[in-house]
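To start, the structure itself, in structure tokens.
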Number of protein chains: 2
Amino acid sequence: MASGGRPTSKDVAQEAGVSQSTVSLVLGGKWEGRVSPATARCVRDAAARLGYRPNLAARNLRLGMTRTVLLMVPTLTAPFFGPVYTGAARVAARHGFGVVVSTWPDDAVRSADSPFAAPDEAIDGILASSVAVEALGEFRDTPAVMLDSGPADGAPCGPVPTVDFGVADGMAAIAAHLAALGHLRYGHVAAGVDQWTFRARADALAAAVSALPGGHLTRATCAIEVASARDAAGRLLDAPDPPTVLVCDDDLIAAGAYKAARARGLDIPADLSVTGFDDVLLATALEPELTTVRLPAEELGAQGMALLLDLLSGGSPEPRVLPGELVVRDSTAPPARRNRNRPT
Amino acid sequence: MASGGRPTSKDVAQEAGVSQSTVSLVLGGKWEGRVSPATARCVRDAAARLGYRPNLAARNLRLGMTRTVLLMVPTLTAPFFGPVYTGAARVAARHGFGVVVSTWPDDAVRSADSPFAAPDEAIDGILASSVAVEALGEFRDTPAVMLDSGPADGAPCGPVPTVDFGVADGMAAIAAHLAALGHLRYGHVAAGVDQWTFRARADALAAAVSALPGGHLTRATCAIEVASARDAAGRLLDAPDPPTVLVCDDDLIAAGAYKAARARGLDIPADLSVTGFDDVLLATALEPELTTVRLPAEELGAQGMALLLDLLSGGSPEPRVLPGELVVRDSTAPPARRNRNRPT
DNA sequence: CTGAAAGCGCTTACAG
DNA sequence: CTGAAAGCGCTTACAG
């Protein structure tokens, strides 16, 4: 082997007494019918002996691809996206792909200096999670899979494969659970973000409540942030004839709803029921623990990457929907009997 | 430009009417004294006109480096590590480096199939956050920077640059805040994880309490997880003559302490004060909002990457310490007057 | 069934 | 001050 550095395919060839081509064929898995089994085994042994690992830069250069995909997310600091990344990276690694992350629209990761300072790493494909289709922007021509962006939001240039959560079903499950408990007056603390996933939640809740005899729904909008959610929930709670349950678009919003309730002396769930969405860590850290819908975030990343890899190798993968799962905990109970709005 | 693909340095050379070498020199920033300013400007214009971006694979191959660094963390799903990644990736991107993430010891991201299936991406350096030095393992010879692992935990093979939080000072600030409030009986709900950062917290708290006339400290150990923390806090609270404050090693542990307190009818902060550590999102989602120490996680990643980049370019960076900041919120108050342990 | 050769796009001595 | 040429480690026609 060349003194010092890692072994190359040439070293393996020499060790095995064959040519570089043969090594490449064998280790690339394209040898059958072209190299004798004995030679193949011999090459593999030599590679193992030397601890050979192919040089990705060389292969990428030769193949004209980078084996790198871009994961585009709104933010990495929200608890939801860590698992998405993990799932995507796990599947990617299994196929020799790396994952780089970019945030959109607030792109803190890439920079805009000279080409050399920010070499806009060439990528083979894009996984865009929970972002509008415009996020693809300059990457319009790059193979992409949209995650959590809704089946309708296909890119202008033909259908883009999608993986979505069954958020409508999830919200319907929450509504059914609440209806079974006897709730009629619903407050929806909605994320004020124009994304498919939130529109779908709103529509599903509205549909369920209007199908409920005597059902009534009010709505307040907020940022996905505790203080803003607390204020929005407060507005709902301070209205005449307030809701007996606050259905929140996100676990973090539910945390804000808890605060609004407590500030008004309302016990959860005795005086007020609250539900979340996502089932992040926070859901069990709250008190009482939050009834919510679990969204399999890591699975979203994993399946999305699987679809993208399929797309990159010429397939035309079908859209998928990942069901959410209702997790009933301690924040929901039957509505109180008219003793609302008087501090205990 | 070659039909189809992105423009190459050869295309730029042709557009500018110079050779490939000149293009490389100019765009690589090594032209001064070797290329006339007029030519340099001409090259840059051509590059801009064509939208040229260098092919990283080719450059990496030529240079024998990958411009990729590995970020090693215990887990990506804990709320703390998202920001660490973001900070590291931001600085890396500014220098044309990518960041791949690996978890240790539970390595879900890399796989162990054939060399081709998991091509163990060659890397130039490692950023290891909150892991033991053994985590470096097979990468013993790779330039590395240790984050949040303590100044003493240098690798066997000479000193490794470090970036740490001032956790001892942070814990001392908590203790001083609590002492000023009048607390004498301290319960430490400690993370049962053998890491420098937690040892430092324990030592600092022990030192502060023992320096306090009449001060008394008990300790219970738990996993960094709500249920485990709740149980540990419960043990402390159920002891005879229980603490008036629970000092928790982590915000998540504090969430567990809240549960233990509430289960015993103890009001926070009237009956019991609680403090956390980290200041993640959860701290303000809890009720009452948590007094804690803010650890600048994103800054840790950013500074660590800056040190690693310095190291990679031949420097010998000095270790750094990032101070934590005491954030006083609503979970701490003077101790109650002997009315403890009777449910309200 | 196997090998010699070209070439991916860069950077860097080296020659002028 | 500028250019021609080599070579990084791969993969893939192509020739045998």
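Within every chain, numbering begins at 1; the chains are lettered A, B, ... in the order of the sequence lines, protein sequences first and strands thereafter. Below, all heavy atoms of this structure are taken into account, side chains as well, without hydrogens, waters or symmetry copies.
Within the 4.0 Å cut-off from OP1 or OP2 of dG9(D), not a single side-chain nitrogen or oxygen of Ser9(A) is found. Side-chain nitrogen and oxygen atoms of Thr39(A) include at least one within less than 4.0 Å of the OP1 or OP2 phosphate oxygen of dT2(C). One finds no side-chain N or O of Lys10(A) lying less than 4.0 angstrom from the OP1 or OP2 phosphate oxygen of dC10(D). At dG3(D), none of the side-chain N or O atoms of Ser21(B) fall inside 4.0 Å of OP1 or OP2 (strictly under the cut-off). Between Arg59(A) and the phosphate of dT11(D), there is a side-chain N or O to OP1/OP2 separation shorter than 4.0 Å. Between Lys30(B) and dT12(C), a side-chain N or O to OP1/OP2 separation shorter than 4.0 Å is present.
Side chain of Thr8(B), nearest nucleotide from dG9(C), dT11(D), dT2(C): dG9(C). When distances are taken from the side chain of Ser19(B) to each of dT2(C), dC10(C), dG3(D), the shortest belongs to dG3(D). In the set dT2(D), dT12(C), dC10(D), dC10(D) carries the atom at the smallest distance from any side-chain atom of Gln20(A). Of the candidates dC10(C), dG3(D), dT11(D), the closest approach to any side-chain atom of Ser24(A) belongs to dT11(D).
Defined by atom type and a distance below 3.5 Å, a donor-acceptor pair is present between the side-chain atoms of Ser9(A) and Gln20(A). Checking Ser24(B) against Ser21(B) by side-chain atom types alone, no donor-acceptor pair falls below 3.5 Å. Counting only N and O atoms by type, the side chains of Asp148(B) and Ser129(B) include no donor and acceptor under 3.5 Å apart.
When both distances must be under 3.5 Å, the Watson-Crick or G-U wobble mate of dC1(D) is dG16(C).
As a whole-Å value, the separation of Glu32(A) CD from dC1(C) P is 11 Å.
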